2 protein chains.
Amino acid sequence: MNGQDYWLPQPDLDGIDVGTVLQALADPVRLQIVRALDAAGESTCTALDVPVKASTVSHHMRSLRESGVVSTRLVGNARPSRLRRDDLERRFPGLLASILSATPPSRDGGDSPAGGPDPKPAL
Amino acid sequence: MNGQDYWLPQPDLDGIDVGTVLQALADPVRLQIVRALDAAGESTCTALDVPVKASTVSHHMRSLRESGVVSTRLVGNARPSRLRRDDLERRFPGLLASILSATPPSRDGGDSPAGGPDPKPAL
DNA sequence: ATACATGTTCGACGAGTATCGTAAGAGCGG
DNA sequence: CCGCTCTTACGATACTCGTCGAACATGTAT
């Protein structure tokens with residue numbers, strides 16, 4: 001009814017640290033959550049299709065919020081979250097875009113054998 | 001000295017995974033190494049000013065190499081490494097730049113995004 | 001060749017954290 | 001009112017990984 005939204009506490013724009021953001025984005029599940037939020041625009045914990053339990057999703061969402069990656073809105077009983085696109089773009093121009101555009105959701109066999117034989121020392 | 005360089009094995013351009021790169025960059029020490037390499041252009045393990053032992057630096061350098069962030073050259077007994085700028089820029093345009101330009105080594109407290117003494121990426 | 005320097009590898013230890021199950025709080029609908 | 005759903009908080013467990021010391025390999029200098 002009214003346009004007034006309540007939000008969960010989140011770091012200020014200048015309080016967003018690149019190291020913290022990288023740590024938040026380093027986890028595969030959290031990165032998957034970020035990609036899902038990018039596609040959906042906004043989503044709640046239970047609506048996300050991730051291979052972990054709801055309590056774990058909530059835990060990850062908290063990490064993402066405290067690191068400054070997402071904003072969480074308080075609407076009734078639900079807590080829909082969304083990416084802080086503008087803030088991240090202002091703080092780290094091009095970072096989120098390059099991450100999201102890279103390797104779109106490909107879930108089939110695609111784990112890079114970092115320890116395996118590397119056939120091409122190019123350059 | 002000869003013009004022929006030998007390199008340690010490293011992943012192919014298409015084999016670089018954004019998640020793996022983010023994991024590599026998530027560690028504070030590794031991020032510090034990356035910033036040092038950005039400033040120096042090329043450096044060996046012992047020449048880097050990082051608060052960990054040499055064996056740990058070697059360990060981190062291996063992670064960075066296997067994730068596709070750095071290239072390591074074989075010259076005599078030394079192993080100078082450098083950032084794979086071109087490859088990373090081609091694979092994830094804007095990613096490395098946004099990370100490196102954000103919050104330079106804040107050793108003197110606070111971040112000075114502009115007007116730094118020598119933000120000079122030579123190479 | 002011997003000695004030294006530079007890097008790497010290995011085993012071990014400890015801190016951090018990802019995951020789960022359960023319980024509790026808060027709003028919505030019957 | 002009572003139940004149902006969504007979400008978070010807490011405790012417990014297991015695992016990843018960052019760190020170190022020591023040993024080893026390799027190339028350089030004396």
Side-chain angles (χ1 to χ4, degrees), chain A residues 1-2 4-10 19-34 36-37 40 42-67 69-82 111 114-115 118, chain B residues 1-2 4-10 19-34 36-37 40 42-67 69-82:
Chain A
M1 300 207 242
N2 65 23
Q4 184 63 34
D5 287 345
Y6 293 91
W7 304 79
L8 261 53
Q10 63 183 24
T20 307
V21 170
L22 289 175
Q23 283 186 20
L25 268 41
D27 185 83
V29 176
R30 282 196 291 264
L31 189 56
Q32 189 174 344
I33 291 176
V34 168
L37 289 179
E42 191 179 55
S43 178
T44 61
C45 289
T46 51
L48 290 172
D49 182 24
V50 286
V52 291
K53 296 300 176 186
S55 59
T56 305
V57 177
S58 178
H59 179 72
H60 285 314
M61 199 66 81
R62 179 180 184 174
S63 297
L64 290 172
R65 184 189 338 116
E66 291 180 344
S67 64
V69 178
V70 305
S71 284
T72 301
R73 203 155 53 97
L74 278 167
V75 44
N77 197 5
R79 272 125 178 96
S81 300
R82 64 179 66 174
D111 210 304
D118 305 299
Chain B
M1 93 193 207
N2 58 29
Q4 184 63 33
D5 286 346
Y6 294 91
W7 303 79
L8 262 52
Q10 63 182 20
T20 308
V21 170
L22 289 175
Q23 282 187 20
L25 267 42
D27 184 81
V29 176
R30 281 197 291 266
L31 190 56
Q32 188 174 344
I33 292 176
V34 168
L37 290 179
E42 191 180 55
S43 178
T44 61
C45 289
T46 51
L48 290 171
D49 181 26
V50 287
V52 291
K53 297 299 177 185
S55 59
T56 305
V57 178
S58 179
H59 179 72
H60 284 316
M61 201 64 81
R62 180 180 184 173
S63 298
L64 290 172
R65 185 187 340 113
E66 291 180 343
S67 64
V69 177
V70 306
S71 284
T72 302
R73 202 155 52 97
L74 279 167
V75 44
N77 198 3
R79 272 123 176 96
S81 299
R82 65 179 63 175

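So that the names make sense, note that chain A is the first sequence line, chain B the second, and so on, each numbered from 1. Owing to the predicted nature of the structure, the values given are computational and were not obtained by experimental measurement.
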Checklist entry - Roughly how far, to the nearest 0.5 Å, is the CE atom of M61(B) from the CG atom of L8(B)? => result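 Answer rounded to 0.5 Å: 11.0 Å.
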Checklist entry - For L74(A) and dG25(C), what is the distance between atoms CG and C1' respectively, to the nearest whole Å? => result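 Roughly 13 Å, once rounded to whole Å.
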Could you report the tightest heavy-atom contact between [X] and [Y], atom names first, then the distance?
X: L64(A); Y: A24(A); result: CD2-CB, 4.1 Å
X: Q32(A); Y: D49(A); result: NE2-O, 3.3 Å
X: L31(B); Y: G19(A); result: CD2-CA, 4.3 Å
X: S43(B); Y: L48(B); result: OG-CD2, 3.5 Å

Checklist entry - Reading DNA chain D 5' to 3', which nucleotide is the first, and which the last, to come under 4.0 Å of any heavy atom in chain B? => result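 It runs dG18(D) to dT28(D).
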Considering only nitrogen or oxygen atoms on both sides, find all protein atoms under 3.5 Å from nucleotides 7-10 of chain C and state each distance.
unit_1, atom_1, unit_2, atom_2, d
dG7(C), OP1, T44(B), OG1, 3.3
dG7(C), OP2, T46(B), N, 3.4
dG7(C), OP2, T46(B), OG1, 2.7
dT8(C), OP2, S58(B), OG, 2.8
dT8(C), O5', S58(B), OG, 3.3
dT9(C), OP2, R62(B), NH1, 3.4

Checklist entry - Counting only non-hydrogen atoms, which of residues 22-29 of chain A are less than 4.0 Å from DNA chain C? => result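 When residues 22-29 of chain A is checked for heavy atoms under 4.0 Å from DNA chain C, the hits, listed by number, are D27(A), V29(A).
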Checklist entry - Does any non-hydrogen side-chain atom of V50(A) lie less than 4.5 Å from one of H60(A)? => result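 No - every pair of side-chain heavy atoms lies 4.5 Å or more apart.
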Item to check | Check: P28(B) and Q23(A) side chains under 4.5 Å, non-hydrogen atoms | outcome: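 Side-chain contact under 4.5 Å: yes.
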Checklist entry - Of the options R65(B), R79(B), R82(B), Q10(B), which is the one that meets T72(B) in a side-chain hydrogen bond (donor to acceptor under 3.5 Å, both in side chains)? => result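 Of the listed residues R65(B), R79(B), R82(B), Q10(B), the side-chain hydrogen bond (donor to acceptor under 3.5 Å, both in side chains) partner of T72(B) is R65(B).
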Next on the checklist: My understanding is that only one of V69(A), I33(A), T20(A) makes a side-chain contact (heavy atoms from CB on, under 4.5 Å) with L25(A); could you say which?
Outcome noted: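 Passing option: V69(A).
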Next on the checklist: How about CZ on R62(A), more than 12 heavy atoms from neighbouring residues, nucleotides or ligands closer than 6.0 Å, or not?
Outcome noted: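 No.
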